Amino acid sequence: MSSVTVVEPKPPVVRHQKVDVFFNPATLPWTPWVMPNTWFKLLNVDLKTGGFTMLLKVGPNTQAPIHHHIGAIEGIMLEGEFGYDEDRGTTGCYVWEETGAIHTPTTTTGFVLYATVHGPLAGYEEDGRLAGLIDAELMLGLARASNAADHIRVPALYEFRQA
């Protein structure tokens with residue numbers, strides 16, 4: 001008959017990251033985004049899922065083109081308002097846009113949103129053709145082109161060389 005050895009549990013050992021974990025987004029410039037009257041500050045990327053975290057700033061009287069959420073988005077409204085028809089979010093509201101959502105949000109006041117995008121966004125032309133795919137790699141490239149990505153740590157496995 002085999003015996004079982006009981007081991008007394010030990011408290012976990014504290015492990016801190018070897019790099020700073022805090023960063024002040026106010027030090028980043030607002031970088032033009034993929035549609036007119038929009039800007040972003042890229043906070044982080046997930047190159048495995050194509051997701052990213054950003055601050056998104058949209059000017060007043062803006063309607064986004066029709067787009068498809070390949071991954072969900074969630075965020076907190078920091079300023080202003082936006083929404084879909086009668087469903088509107090204002091400062092302080094939490095927003096969750098499900099995977100698979102296809103819509104054209106609008107704003108009259110403009111807004112600033114803290115957003116975590118859990119996967120790519122697909123934008124469409126008016127005739128239904130794919131206009132483009134917004135993912136972590138594209139966002140990182142846009143931020144780097146504006147010298148606004150030095151704070152983002154990308155594992156060497158995912159570093160890309162210029163073609």
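Predicted model only: the values in this text are computed from it and were never measured.
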About how many Å separate [atom2] of [Y] and [atom1] of [X], when rounded to the nearest 0.5 Å?
X: Phe40; Y: Leu55; atom1: CZ; atom2: CG; result: 11.0 Å
X: His67; Y: Leu133; atom1: NE2; atom2: CG; result: 12.5 Å
X: His151; Y: Leu42; atom1: NE2; atom2: CG; result: 5.5 Å
X: Ile134; Y: Met139; atom1: CD1; atom2: CE; result: 7.5 Å
X: Tyr94; Y: Ile76; atom1: OH; atom2: CD1; result: 7.5 Å
X: Thr104; Y: Gln63; atom1: OG1; atom2: CD; result: 4.5 Å

*Test side-chain contact (heavy atoms from CB on, under 4.5 Å) on Tyr114 and Leu56 and set out the steps.*
CA-CA 7 Å; Tyr114 169 87; Leu56 174 62; over 6 Å; no
For the hydrophobic clusters of this structure (ILVMFWY residues joined by side-chain heavy atoms under 4.5 Å, transitively), does one cluster hold both [X] and [Y]?
X: Trp30; Y: Val58; value: no
X: Ile152; Y: Leu47; value: yes
X: Trp33; Y: Val117; value: yes
X: Val34; Y: Ile70; value: no
X: Val95; Y: Ile102; value: no

_Stepwise side chain to side chain donor-acceptor pair (under 3.5 Å) check, Thr108 with Glu81_ = CA-CA 7 Å; Thr108 56; Glu81 66 79 35; 3.0 Å; yes
*Considering the options Leu43, Leu140, Val45, which one meets the side-chain contact (heavy atoms from CB on, under 4.5 Å) requirement together with Phe52?*
Val45
Indicate yes or no for a side-chain donor-acceptor contact from [X] to the backbone of [Y] under 3.5 Å, with no hydrogens or angles considered.
X: Lys41; Y: Leu28; value: yes
X: Thr53; Y: Asn44; value: no
X: Thr62; Y: Pro60; value: yes

_Derivation and outcome, side-chain contact (heavy atoms from CB on, under 4.5 Å), residues Thr99 and His68_ = CA-CA 8 Å; Thr99 299; His68 180 178; over 6 Å; no
*asked:* Testing the 3.5 Å rule here: is there a donor-acceptor pair between the side chains of Arg144 and Thr31?
replied: no
What pair of heavy atoms forms the shortest contact from [X] to [Y], and how long is it?
X: Lys57; Y: Val112; result: CG-CG2, 4.0 Å
X: Met77; Y: Gly89; result: CE-O, 4.0 Å
X: Ser146; Y: Pro29; result: O-CG, 4.2 Å
X: Ala64; Y: Met35; result: CA-CE, 3.6 Å
X: Gly51; Y: Ala136; result: O-CB, 3.2 Å

*Decide side-chain contact (heavy atoms from CB on, under 4.5 Å) for His118 and Asp46; before the verdict, give the C-alpha distance in whole Å, the side-chain angles of both, and the deciding distance to 0.1 Å.*
CA-CA 9 Å; His118 294 285; Asp46 183 341; over 6 Å; no
For the residue pair [X] and [Y], establish whether any side-chain heavy-atom pair is separated by less than 4.5 Å.
X: Asn37; Y: Trp39; result: yes
X: Thr116; Y: Ile73; result: no
X: Leu121; Y: His69; result: yes

*Please state whether the rings of Phe111 and Phe82 are parallel, tilted or perpendicular, taking 30° and 60° as the class boundaries.*
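Parallel, since the angle between the ring planes stays under 30°.
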*Is atom CG of Asp85 surrounded by more than 12 heavy atoms (other residues, nucleotides or ligands) closer than 6.0 Å?*
no
